[in-house]
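In what follows, chains are A, B, ... by sequence order, proteins preceding strands, each numbered from 1. Everything quoted here is computed from the prediction, not taken from an experiment.
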Amino acid sequence: MDKKAVAQVLEQIASFLELKGENPFRVRAFRTAAKAVTALPGEVSAALAEGTLAETKGVGPATLQIVQEVVQTGRSSLLEELREQVPAGLVEMLQISGLGVAKIRQIHETLGIDTLPELEAAARDGRLARLPRFGAKTADNILKGIAFLRQASAFKLAHHALEEAEGLRAALAALPGVAQAVIAGEVRRRTEVVRDIVVVLVADVPPADIFRRIGELPGVQEFAGQDERRVTLKVSGGAQAQVVVTTPKNVGAVLVQATGSEEHLAELATHARTRGFALDGAALWQGSTFLPTADEAAFYAALGLAEIPPELREGRGEVAAAAAGPLPALLERSDLVGFLHCHTTASDGSNSVMELAEACRAAGYAWMGITDHSKAAAYAGGLSVDDLARQADEIDAVNARLGGFRILKGIEADILADGALDYDDTVLARLDFVIGSIHSRFNLDREAMTERVLRAMENPHLAILGHPTGRLLLSRDPYPLDMERVLARAAETGVAIEINADPHRLDLDWRLVRQARDQGVAISIGADAHNLAGLRNVDFGVGIARKGWLTRADVLNTRTVDGFLAHVARRRAR
DNA sequence: GCCGTTTTCGGCCCGACTGTTTTCAGTCG
């Protein structure tokens with residue numbers, strides 16, 4: 001039983017209680033507990049056994065008992081009891097933006113609606129709009145919300161997809177006859193969201209034997225779209241996955257086929273034709289001769305191409321680039337020596353400066369930058385000027401204790417509606433560096449929003465523009481912003497643009513990362529960690545950097561602490 | 001339900017926006 005599943009049970013309990021009209025503070029307590037469980041550094045069962053769970057802030061006796069039951073039995077009697085009392089469709093409705101508990105209860109009580117399809121019908125036929133304090137716009141927004149939910153449910157966030165793919169890969173690798181199991185598709189390309197999980201199996205036995213065994217795996221529910229070498233699985237939880245079987249001599253071609261985007265494969269096919277080759281049925285042919293490709297390097301080499309890293313296989317000119325010569329050496333996680341953008345208990349994080357610093361040092365970083373929220377972000381416990389001074393003392397103390405590791409004093413300052421940063425320049429000047437981010441007033445029009453960001457970039461203390469478009473993947477669109485102008489200004493002023501590595505954001509989008517790099521904009525990778533588990537976000541940020549063709553030289557986190565500070569100083573001097 | 005450098009009981013984030021109303025409930029970050 002993993003953390004995600006346990007946290008989900010607690011989340012669900014909170015939602016059911018909320019719909020029942022329970023004390024809102026009790027509801028919030030369960031949500032806090034769910035977050036605390038997600039943020040645990042190790043496994044839940046270990047934390048339970050060692051007693052660290054009981055000591056975790058936000059986890060009390062009631063939560064402890066529920067977690068214990070879930071870990072031991074895989075069920076929660078409280079949740080099952082609640083399911084009998086409240087229709088599950090109402091909980092689904094909570095995900096619709098603009099629909100809260102009060103409206104859902106009103107809809108349920110007056111119209112007797114308790115499923116999404118019923119809700120959609122009522123929104124269309126006008127019943128919803130006639131309810132007190134509802135109207136045409138509310139009904140319309142609900143329809144939009146349902147459509148968004150439906151579209152989003154076809155995709156998974158990268159970290160969830162990776163976890164599912166790893167689990168499936170491990171199960172498939174253990175099947176008799178399978179020599180190797182490799183994750184392909186979007187997960188391997190490290191896209192920001194994933195529609196299909198794809199695993200390639202290398203095997204010397206007939207695919208039919210393997211498919212039969214797959215059908216016997218626990219959790220595999222049904223097969224769909226089966227052909228000789230491919231099968232689409234539905235696994236419990238509704239996730240879909242494609243499994244492709246190949247023989248060792250054709251691994252290269254099959255992996256290329258199963259990994260590349262349609263556009264990449266089209267670029268490859270065109271290139272192959274001009275060289276007298278053909279890509280057909282996931283194999284490489286010269287006339288009617290089958291060309292074996294034992295691995296991808298052999299495949300690309302046969303076509304006269306440098307090997308193309310999976311992250312670049314998007315059909316954006318990588319084939320032409322690989323034909324012209326070696327591709328750039330893309331950023332590696334091990335290139336990063338600085339850890340940027342994290343929150344401590346001073347604002348909305350769950351760990352202290354010391355805990356985060358020790359974790360960063362253990363993860364191999366040489367320096368880090370602490371950036372809690374600023375005072376305008378009241379809902380996130382933003383720091384007052386006095387709080388900032390206190391934190392500075394704390395950081396000094398930890399720096400004195402940790403040899404060979406440096407903590408920088410930073411802030412994630414809100415960019416206010418008029419483009420001002422959330423502290424006076426005298427306060428900002430005392431900090432080692434400043435990230436500026438938008439956390440409110442998302443509804444300005446494109447022109448006003450662009451002016452707001454450009455104005456913030458005028459402030460010499462702003463070193464990094466945080467999560468520049470504000471998107472939340474699968475839940476909130478980016479705010480309207482003229483990124484062309486923002487990138488141009490970033491190049492002029494030396495303001496770095498963040499790749500926010502939180503898998504809910506992955507913002508700046510990788511398509512724009514490449515454009516930023518081409519314009520000479522410095523990039524920083526911001527973990528946006530709110531706890532120790534958030535250190536892992538960086539891997540997703542590195543994936544996005546690679547998709548944006550970034551090399552070591554393009555990224556500020558690869559510099560020594562003095563190199564980073566020199567960049568900030570040059571920016572302040574402009 | 002959880003927590004305590006104000007508290008073992010009493011409080012827990014608050015201000016702005018949206019869409020509905022003509023003064024405000026509901027939702028969101």
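Residue A:Arg476 is in sugar-phosphate contact alone, with no base atom involved, counting any heavy-atom pair closer than 4.0 Å across all strands shown. Backbone-only contact: A:Pro61 has heavy atoms under 4.0 Å from sugar-phosphate atoms and none from a base. In this structure, A:Ala376 reaches neither bases nor backbone, as no heavy-atom distance under 4.0 Å exists between it and the strands shown. Using a 4.0 Å heavy-atom criterion, one finds that A:Asn443 contacts the sugar-phosphate atoms exclusively.
Here the separation of B:dT5 from B:dG1, taken at their P atoms, is 23 Å to the nearest Å. Separating the P atom of B:dC3 from that of B:dC13 is a span of 13 Å, rounded to the nearest Å. The C1' atoms of B:dT20 and B:dG26 are separated by 10 Å, rounded to the nearest whole Å. B:dC17 sits 30 Å from B:dG11 when the P atoms are compared, rounded to a whole Å. Atom name P, nucleotides B:dA25 and B:dT21: the rounded distance is 13 Å, in whole Å. Using atom P as the reference point in both B:dC12 and B:dT18, the two lie 28 Å apart (nearest Å). The P atoms of B:dC2 and B:dT6 are separated by 23 Å, rounded to the nearest whole Å.
Of the N and O atoms on the side chains of A:His467 and A:His504, not one donor lies less than 3.5 Å from an acceptor on the other residue. Side-chain atoms of A:Thr469 and A:Arg505 include no donor-acceptor pair closer than 3.5 Å. Side-chain contact of A:Gln391 with A:Lys409: a donor-acceptor pair under 3.5 Å is absent, judged by distance alone.
Taken from CG in A:Asp509 to CD in A:Gln515, the straight-line distance is 10.5 Å, to the nearest 0.5 Å.
For the contact set between residues 138-150 of chain A and DNA chain B, defined by any heavy atom under 4.0 Å, the members are A:Thr138, A:Asn141. Listed by residue number, the members of residues 27-34 of chain A with any heavy atom below 4.0 angstrom from DNA chain B are A:Arg28, A:Ala29, A:Phe30.
When the nearest nucleotides of DNA chain B are assigned to A:Arg441 and A:Arg26 by heavy-atom distance, the more 5′-ward of the two goes with A:Arg26. Nearest-nucleotide assignment on DNA chain B puts the 5′-proximal partner with A:Gly135, out of A:Gly100 and A:Gly135.
Taking the side chain to side chain donor-acceptor pair (under 3.5 Å) definition, one finds that A:Arg546 meets it with A:Glu311, sequence neighbours left out. Here A:Asp140 pairs with A:Lys144 under the side chain to side chain donor-acceptor pair (under 3.5 Å) rule; sequence neighbours left out. Taking A:His530 as the reference, A:His343 meet the ring-ring contact (aromatic ring centres under 6.0 Å, His included) condition, with sequence neighbours excluded.
A nucleotide of DNA chain B counts as in contact with chain A when one of its atoms lies under 4.0 Å from a heavy atom; the first and last such, 5' to 3', are B:dG1 to B:dG29.
If you check B:dT8 for Watson-Crick or wobble pairing at under 3.5 angstrom, you find it has no partner at all.
Ring geometry for A:Tyr479 against A:Phe442 counts as parallel: the plane angle stays under 30°, on a 0 to 90° scale with 60° as the upper cut.
If you look at A:Trp367 and A:Phe405, their ring centroids are not closer than 6.0 Å.
For the side chain to side chain contact (heavy atoms under 4.5 Å, CB included) with A:Gln12, the qualifying choice from A:Leu79, A:Leu82, A:Leu78 is A:Leu79, the only one to do so. When A:Ile395, A:Asn351, A:Leu356 are each tested for a side chain to side chain contact (heavy atoms under 4.5 Å, CB included) with A:Thr344, only one passes: A:Leu356.
For A:Arg401, the CZ atom sits in a loose shell: 12 or fewer heavy atoms of surrounding residues, nucleotides or ligands are nearer than 6.0 Å.
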